[in-house]
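Here the structure is laid out as C-alpha cells; the discussion comes afterwards.
Excluded from the calculations below are hydrogen atoms, water molecules and symmetry mates; all remaining heavy atoms, backbone and side chain alike, are included.
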Amino acid sequence: MPNLPDVVLWSIPAFVLLTVVEMVSVRIHPDEDAAGYETKDAATSVGMGLGSMAFDFLWKIPILAVYTAIYELTPLRVPVLWWTVPLLLLAQDFFYYWSHRGHHVIRILWACHVVHHSSEKFNLTTALRQPWTTWTVWPFYVPLIALGVHPAALAFCSSANLVYQFWIHTERIDKLPRAFEFVFNTPSHHRVHHASQGGYLDRNFGGILIVWDRLFGSFVPETDRPVYGLTKNIRTYNPIRVATHEYAAIARDLRAAGSWRERAGRVFGGPGWQPRTPGPAPAPVSAPASASASAPVRTASTETSVTEPAA
C-alpha cells in the first residue's frame with residue numbers, strides 16, 4: 001500500500017486560519033453587495049462538515065471493500081512515483097468532473113450533492129457544508145481502480161482535490177490573471193457554480209481544472225453578481241433536514257406518482273423533471289368548400305417552462 005499523507009487532516013489548521021482571516025476582512029472591509037457571513041448559516045456549514053467526516057468513515061468501509069476487490073482482480077498496476085502522481089491527479093480530476101456533473105443532472109445523486117448548495121451565503125465555511133450520503137460518488141471512479149490505481153492513491157488524489165476547492169469558496173478574491181483563470185478553477189468560476197440564476201445553473205463543474213468545462217461545453221464566465229442557494233431555498237439550519245430534505249421530497253413524489261414511468265423519472269430524471277402532461281386534442285377544422293384540400297391549417301401551440309433546482 002502506498003504511504004501517502006492524509007491531505008485533509010494536515011490542511012485543517014490552514015482551513016481554520018483562512019476562515020478567521022476571511023471573517024476579519026469581511027468585518028473590517030464589508031462589501032454591501034456580497035453575501036457575507038451569518039452566524040447560524042456558518043455554524044450549520046461547520047456542523048455539516050463534521051457530520052460528513054463521521055458518515056464518510058462508515059461509507060468508506062463497503063466502498064473500500066469493493067475497490068479492493070476490483071484492484072485485486074485487475075492485472076494492471078499504476079505505480080505511485082514522483083512522475084505518476086501528477087498524472088493520477090489529472091485523471092482523478094477528470095473523473096471528478098463527470099461525477100460532479102452527474103450529481104447535478106440525476107435527481108437521486110442531486111439529493112446527495114444539494115447539501116453543498118443549500119447555503120445562501122458564499123464564504124469559506126460554505127466549503128465545509130458537505131453531504132452525509134457520499135456513497136453515491138464511488139461508481140464514477142471504478143474505471144481508475146480497474147486500470148490499476150491503488151485505492152489509497154485514489155483517496156490521496158480525491159483529498160487533494162477537496163483541499164484545493166476550499167479556497168475557491170470566497171467572494172473576497174476577484175478574478176485572477178487570465179492565464180490562471182483559463183486553466184484552473186477559481187473563486188470567480190466557482191461563484192457561478194453556486195449561483196441560482198438561470199444562466200448560471202449547471203455550469204462550471206471542474207474541481208482543480210476548469211478546462212474540462214471548456215472542453216465539454218459547461219463553462220460560463222462570471223458576469224452578473226451571483227445569487228447563491230437554490231431556486232427554492234429550504235430556509236432551515238437543522239442539519240438533519242439539510243442532509244435529507246431532497247430524499248424526503250423524492251419519497252413524497254414517489255408516493256404521489258401515478259405510474260412506474262413517473263416513479264423512474266422522479267428518481268433518475270433531472271432535479272426539475274416533470275411527467276409530460278398531454279394537452280387537449282386540437283379541435284377539427286372545417287375548411288371552406290372552395291379551399292384546396294392540401295392547404296395548410298395553422299394551429300396554436302403552447303410552451304411550458306420548468307424551473308430546476310440550482311446547480
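In this structure, N204 contributes its side chain and V220 its backbone to a donor-acceptor pair below 3.5 Å. At distances below 3.5 Å, not a single donor-acceptor pair connects side-chain atoms of N161 with backbone N or O atoms of Y96. One N or O on the side chain of T19 and one on the backbone of F15 form a donor-acceptor pair closer than 3.5 Å. A donor-acceptor pair is defined here as one N or O able to donate and one able to accept, closer than 3.5 Å; such a pair exists between the side chain of R172 and the backbone of S25. Side-chain atoms of W212 never come within 3.5 Å of backbone atoms of F95 as a donor-acceptor pair (strictly under, hydrogens ignored). The backbone N or O of V227 lies less than 3.5 Å from a partner atom in the side chain of S196, making a donor-acceptor pair. Of the possible polar contacts, one joining the E181 side chain to the L176 backbone as a donor-acceptor pair under 3.5 Å is found. Without hydrogens or angle criteria, R129 side chain to V46 main chain gives no donor-acceptor distance under 3.5 Å. E262 places no side-chain N or O within donor-acceptor distance of the main-chain N or O of D253, the cut-off being under 3.5 Å. Side chain of H169 to backbone of Q165: a donor-acceptor contact under 3.5 angstrom is found.
Using cut-offs of 30° and 60° on the angle between ring planes, the pair H103 and F140 is tilted. Aromatic ring orientation, H190 versus H193: parallel (interplanar angle below 30°, classes split at 30° and 60°). Ring planes of W110 and H117: tilted class, angle from 30 to 60°.
Pairing each heavy atom of I145 with each of Y67, the nearest pair is CG2-O, 3.3 Å. Closest of all the heavy-atom pairs between F156 and P5 is CD1-O, 3.7 Å.
No more than 12 heavy atoms of other residues, nucleotides or ligands lie within 6.0 Å of CD1 in I240, so this atom counts as exposed by the packing criterion. Crowding of R225 atom CZ: a count of heavy atoms from other residues, nucleotides or ligands under 6.0 Å exceeding 12.
Taking CG of L88 as the start and CG of D93 as the end, the distance is 12.5 Å to the nearest 0.5 Å.
Residues Y97 and S218 bring a donor and an acceptor atom of their side chains to less than 3.5 Å of each other. With hydrogens and angles left out, the side-chain atoms of Y247 and T133 include a donor and acceptor closer than 3.5 Å. In this structure, a donor-acceptor pair under 3.5 Å is present between the side chains of T223 and Y200. In this model, a donor atom of one side chain and an acceptor atom of the other lie less than 3.5 Å apart for N123 and T125.
A centroid separation of 6.0 Å or more is found between the aromatic rings of F216 and F205.
Judged by a 6.0 Å distance limit and a 45° cone about the ring axis, R77 is positioned over the six-membered ring of Y71. For the pair R214 and F182, the cation sits on the ring face: its NZ or CZ lies under 6.0 Å from the ring centre, inside 45° of the axis.
With salt bridges taken as basic N to acidic carboxylate O contacts below 4.0 Å, none links E222 and R203.
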